[in-house]
Every structure is written in structure tokens, then in C-alpha cells.
K.L.:
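Shown below is the structure under consideration.
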Amino acid sequence: MSDNSPIIMWFRRDLRLSDHPALTAACQSGRPVIPLFIHDAQSEALGAAPKFRLGLALGCLGETLADKGSRLILRRGDALEVLREVIETTGAGAVYWSRLYDPAAIDRDTKVKETLKDNGVEACSFAGHLMFEPWTVETKTGGFYKVFTPYWKAVRGRDVAAPLATPSDIPAPPNWPESAALDDWQMDAEMQRGRDVVRPYVRLGEAAAQARLGSFMAHIVEGYDESRDMPGEDGTSALSENLSLGEISPTQCWHAGQRAMQEGKRGAETFLKELAWREFAYHLMYHTPRILDQNWREEWQAFPWNEDERRVEVLAWKQGRTGVPFVDAAMRELQVTGRMHNRGRMIVASYLTKHLMCHWRIGQKWFEEHLIDWDPANNAMGWQWAAGSGPDATPFFRIFNPDTQLDRFDKGRDYTRRWIAEGRAKPGDEALAYFDAIPRRWGRSPEDDYPDPIVDLSEGRERALDAYRNRDF
DNA sequence: AGGAGCTTGGA
DNA sequence: CCAAGCTCC
């Protein structure tokens with residue numbers, strides 16, 4: 001008996017058509033494919049910027065599918081209930097998806113899989129979000145890696161299957177289920193700051209991501225070793241926002257990086273390493289999901305982190321008016337573009353957790369609300385790395401001096417000039433865009449004087465070191 | 001993926 | 001006087 005019932009392709013954070021194992025398998029079956037996105041509790045819970053960015057991505061994926069004679073069906077509600085409805089109305093006999101690794105997704109997907117199978121519906125999960133499934137990377141003693149370098153040594157030589165082509169045909173079902181209208185979901189509604197300011201900075205969709213990967217490999221990767229540390233330069237891949245939603249796959253990036261390495265491009269290996277850091281973050285989240293909301297090194301529970309979000313110093317940090325140019329530039333870049341250069345992320349995180357002695361969770365939450373490239377694993381690992389509470393973290397006493405960092409990584413002041421308008425005769429458009437992006441109630445104007453430092457850098461440093469010296473663990 | 005303070009060995 | 005090296009946080 002040949003089963004020609006439709007397969008539901010349940011899209012989540014894999015919003016592309018190329019190198020998509022689940023979609024490829026569905027198309028190769030010869031059965032009709034129903035692409036579906038479900039706006040459920042988990043996408044509802046996203047921060048403002050990630051939700052806004054997801055809305056854009058869904059629109060783009062819908063268009064791409066329509067170009068191929070297919071559709072993206074949008075439904076809202078509990079994932080399992082929606083799947084059952086769609087199965088009911090279309091006679092679908094299978095649901096395919098790409099695996100996710102955060103605990104909430106794992107819980108949901110496990111329950112969905114069990115229930116569907118109990119009801120005689122085929123439920124198949126595929127790889128695609130990662131190159132190395134977290135349970136396939138083990139130390140010699142059978143544990144998981146807690147330090148990046150040995151993790152890197154364990155994975156760098158692995159075969160990563162060649163990327164899959166875009167399916168030439170996505171067979172349509174005889175009748176399409178109903179779909180919600182994306183506009184009705186208003187996924188940009190929570191963007192307090194100007195979404196129109198952020199929008200031009202978004203690199204949206206699969207085609208744009210591929211184009212960026214190409215130009216990165218052609219022009220940037222050669223000098224990536226140094227350029228990636230210079231926030232004033234276009235020296236990174238800047239593909240995080242696309243990787244986050246699966247508009248490009250890590251496998252595609254990996255193979256491009258391997259080719260660049262064979263061509264002798266100097267920075268190629270460093271790029272591969274950065275891709276491995278992303279895998280490592282997922283590896284850690286899978287094996288220790290508490291990394292998402294608790295000190296990974298539990299003894300840090302006893303550290304006197306300040307958890308009061310209402311402190312004026314915290315507000316100044318959030319609003320990019322600490323009076324420390326590197327910190328403020330980076331925080332304003334976040335407001336305007338929804339992204340932040342990695343050097344900036346390290347500096348603002350070090351400043352918040354050390355000079356201001358704030359709990360890293362406060363910064364983590366702020367990023368979760370504002371980053372259009374937000375990723376649960378990377379964000380948690382990054383913050384705990386900077387704070388010193390994480391696995392393979394920077395020691396707490398390693399405190400970045402944001403002014404010294406300026407001389408090392410923004411020597412020509414391109415970056416700080418780009419983002420800070422106050423005190424300048426003719427601020428550029430991007431520096432001014434910050435004042436359009438931020439909520440009006442912040443009461444900031446480009447005519448203001450640039451603020452004095454809220455905390456003296458050496459006093460802040462000494463205060464943090466004192467706390468570290470006096471810790472009782 | 002640091003910084004600061006100090007020593008040392010050479011201009 | 002200063003860069004490089006070392007140590008501690």
C-alpha cells in the first residue's frame with residue numbers, strides 16, 4: 001500500500017529551503033508537503049526584537065515558498081492541538097521538523113512526537129540547526145566537554161555532510177488548510193523602540209544570507225583574524241541573525257569556510273572556530289540546561305551580584321549613557337541595529353558585571369529583548385563567560401578596561417564616533433538614529449552634553465576585585 | 001577573548 | 001626612558 005498522505009513540514013528555527021534535511025526528506029518522499037509555522041507559547045515568549053525579526057523572516061519564507069508554488073501556512077495556538085487540527089483537515093499522515101535543543105522545545109517536541117505516534121501519525125525529527133548533535137560529542141571518559149579547546153579538537157576533523165540543494169519541487173497538497181494572516185499577529189507590536197529605525201539594518205532571508213556568506217568569503221575572511229575584533233570595520237561575517245533563525249545553515253557556512261581554508265585564506269580557520277563556538281554553546285545548553293538561568297558554577301550563587309534593575313547605573317547602561325564611550329557606543333548600536341559587535345558584547349558585559357557588579361541575568365534579559373540575532377544558547381554562554389560564572393569562562397578578575405580597549409580595537413575612533421552624537425558639531429546619521437530609535441521617555445537629545453562617567457573606571461575595577469577577594473567560595 | 005604594578009635589561 | 005616579561009588579582 002502506498003501512502004500518499006501529505007507530510008506537514010513544521011518550520012521553527014529553520015526558515016530556509018536549501019540544506020534542509022527535513023524538507024528534503026519530505027520532498028523526496030513524493031508526497032505532498034504542507035509547510036506550517038505555529039505561533040505557540042514559545043514564539044509568544046520571545047523578546048520584542050527576536051519576535052519582530054521572526055515576523056519578518058516568516059513573511060520572507062512565505063514569499064519564497066509561494067515562488068515555488070507552495071505556501072507557508074500560519075496557525076496560532078498550542079503546537080500539538082494545531083498539528084492535530086491540520087492533520088484532521090488535510091489527512092496528513094506525517095510531521096517532519098528540525099530538532100531544537102533548549103529545554104522548552106525538547107519538552108514540547110517529545111510530547112508531540114509521542115502523542116502523534118500513539119495516534120498512528122509518523123513524527124520525524126531531523127538535524128539541521130547544528131552540525132554536531134550534542135550527544136555525539138563525548139570526552140574519552142564518556143562525559144560532555146566543558147572547555148572549548150578540547151571540544152574544538154574533538155570536532156574540527158569531523159566530516160560534515162555536504163549541504164543539500166534546495167528541493168526542485170515542493171509538491172502541493174490537493175487542498176490547503178486555512179492560514180492566519182501574518183499581519184494580524186503584529187509580531188512587531190512589542191518593539192518599543194523604532195522598528196522603522198531597525199528595519200534597514202536587517203539582513204532578511206535565505207538569499208540575502210547566502211549573498212553575505214559569498215561576499216564575506218570573497219573579501220573579508222582573509223583578514224578575519226584581526227578584522228573581527230575591530231567594531232568600526234565590516235570585518236565579521238555578521239551572519240548571526242540568519243543562523244539564529246536558520247535562514248542559513250551552519251553546514252553551509254562550514255563548507256564555505258573549508259573551501260576558504262583550502263584556498264589559503266588566513267582567517268578561515270578562525271571563522272570555523274567561531275562556528276564551533278556556536279555548536280559548543282548548544283552542547284553546553286543541551287547537557288546543562290540550567291546554564292540558561294543559573295550560575296553554571298553554582299558557587300557563584302554566593303557572590304554579591306547586585307540584582308536591582310532599578311539602580312540608576314543599570315538604567316544608564318541600558319540607555320547607553322554611562323559616560324564610557326566604548327560601552328555607550330555598543331549599547332546604542334544595539335538600539336539602532338538590533339545587533340552588537342562581538343567586541344562590544346564582551347566590553348558591555350564586563351562593564352555591567354564587574355564595574356557595576358550587576359548580575360549577568362540583567363544583561364542577558366536586556367539582550368534577549370533587543371537582539372534581532374538572539375539565540376538562547378549563545379546568549380547564556382556569552383553572559384556567563386563574561387561574568388566568570390560559566391564553563392570555560394574568563395576569570396572574574398579579568399576586567400576589561402573600556403578605555404584601553406578603545407586604543408586597541410577602535411584606534412581611529414570610527415566606532416565610537418559612529419554611535420555617539422553628543423558633543424559633536426556634525427554627528428552622522430547613525431549617531432542621530434539612536435535618538436529616533438529609543439523610547440521618547442528616555443528624554444535624550446543629541447544636543448545634550450555627553451555624560452560624565454557614572455562610575456570611575458579604576459574605582460569600579462577595585463570594587464569588583466574587592467568583592468572577588470572577599471568572596472566566600 | 002586583560003589590566004596594573006612592578007622588575008629588568010637595554011637604549 | 002621604555003618595551004618586555006612576570007605576577008597577582
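We name chains A, B, ... by the order of the sequence lines, and we start the count at 1 in each one. Values below: every heavy atom of this structure, side chains too, minus hydrogens, waters and symmetry copies.
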K.L.:
Can you pull the contact range of chain A along DNA chain B, 5' to 3', using atoms under 4.0 angstrom from its heavy atoms?
P.N.:
B:dA1 to B:dA4

K.L.:
So for atom CG, which belongs to A:Asp407, do other residues, nucleotides or ligands contribute more than 12 heavy atoms lying within a distance under 6.0 Å?
P.N.:
yes

K.L.:
Do other residues, nucleotides or ligands put more than 12 heavy atoms under 6.0 Å from A:Arg440 CZ?
P.N.:
no

K.L.:
Residues of residues 452-467 of chain A with any non-hydrogen atom less than 4.0 angstrom from an atom of DNA chain B: list those, numerically ordered, please.
P.N.:
A:Arg461

K.L.:
Are more than 12 heavy atoms from other residues, nucleotides or ligands located less than 6.0 Å from atom CD of A:Glu190?
P.N.:
yes

K.L.:
Please work out which of the three classes, parallel, tilted or perpendicular, describes the rings of A:His20 and A:Phe11, given edges at 30° and 60°.
P.N.:
perpendicular

K.L.:
Once you apply a heavy-atom cut-off of 4.0 Å, does A:Thr394 come out as touching a base, just sugar-phosphate, or nothing?
P.N.:
nothing

K.L.:
Would you mind classifying the nucleic acid contact of A:Tyr468 as base, sugar-phosphate or nothing, using non-hydrogen atoms under 4.0 angstrom?
P.N.:
nothing

K.L.:
Between A:Glu247 and A:Arg13, is there a side-chain N and carboxylate O pair less than 4.0 Å apart?
P.N.:
no

K.L.:
Students often get this wrong, so: under 4.0 angstrom with heavy atoms, is A:Arg408 touching a base, only sugar-phosphate, or nothing?
P.N.:
sugar-phosphate

K.L.:
Quick one: does any side-chain atom of A:Arg321 pair with a main-chain N or O of A:Asp328 as donor and acceptor, under 3.5 Å?
P.N.:
no

K.L.:
When you check the side-chain N and O atoms of A:Ser244 and A:Asp375, is any donor under 3.5 Å from an acceptor?
P.N.:
no

K.L.:
Under a 4.0 Å threshold between the charged nitrogen and the carboxylate oxygen, would A:Asp229 count as salt-bridged to A:Arg343?
P.N.:
yes

